[in-house]
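Please read the structure below before turning to the comments.
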Amino acid sequence: MMRILIALLCAPAAMMLAGCTPRIEVAAPKEPITINMNVKIEHEIHIKVDKDVENLLKSRSDLF
């Protein structure tokens, strides 16, 4: 009699625990992933040189 009572109490508890198991789902996104790579890079380089160096560079354009 006691075993039947324990079985009757354990059966609903087991059913409730089975209903609470977590479900994890991994799925790919529906839309494709886009990466925008439109980058505009601008550089300005200002060089101050001595007059002698400037004259040298003008007269010897083959240095650089």
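Not measured: the values here are computed from a predicted model. Reckoned from all heavy atoms, side chains included, excluding hydrogens, waters and symmetry mates. We number each residue from 1, following the sequence as shown.
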field: Value rounded to 0.5 Å, distance of CD1 in Ile35 from CE in Met37
entry: 7.5 Å
task: Go through the steps for Asn55 and Val53 under the test side chain to side chain contact (heavy atoms under 4.5 Å, CB included), then give the verdict.
output: CA-CA 5 Å; Asn55 290 333; Val53 176; over 6 Å; no
message: Using the side-chain contact (heavy atoms from CB on, under 4.5 Å) definition, which of the options Arg60, Lys58, Glu54 pairs with Leu56?
response: Arg60
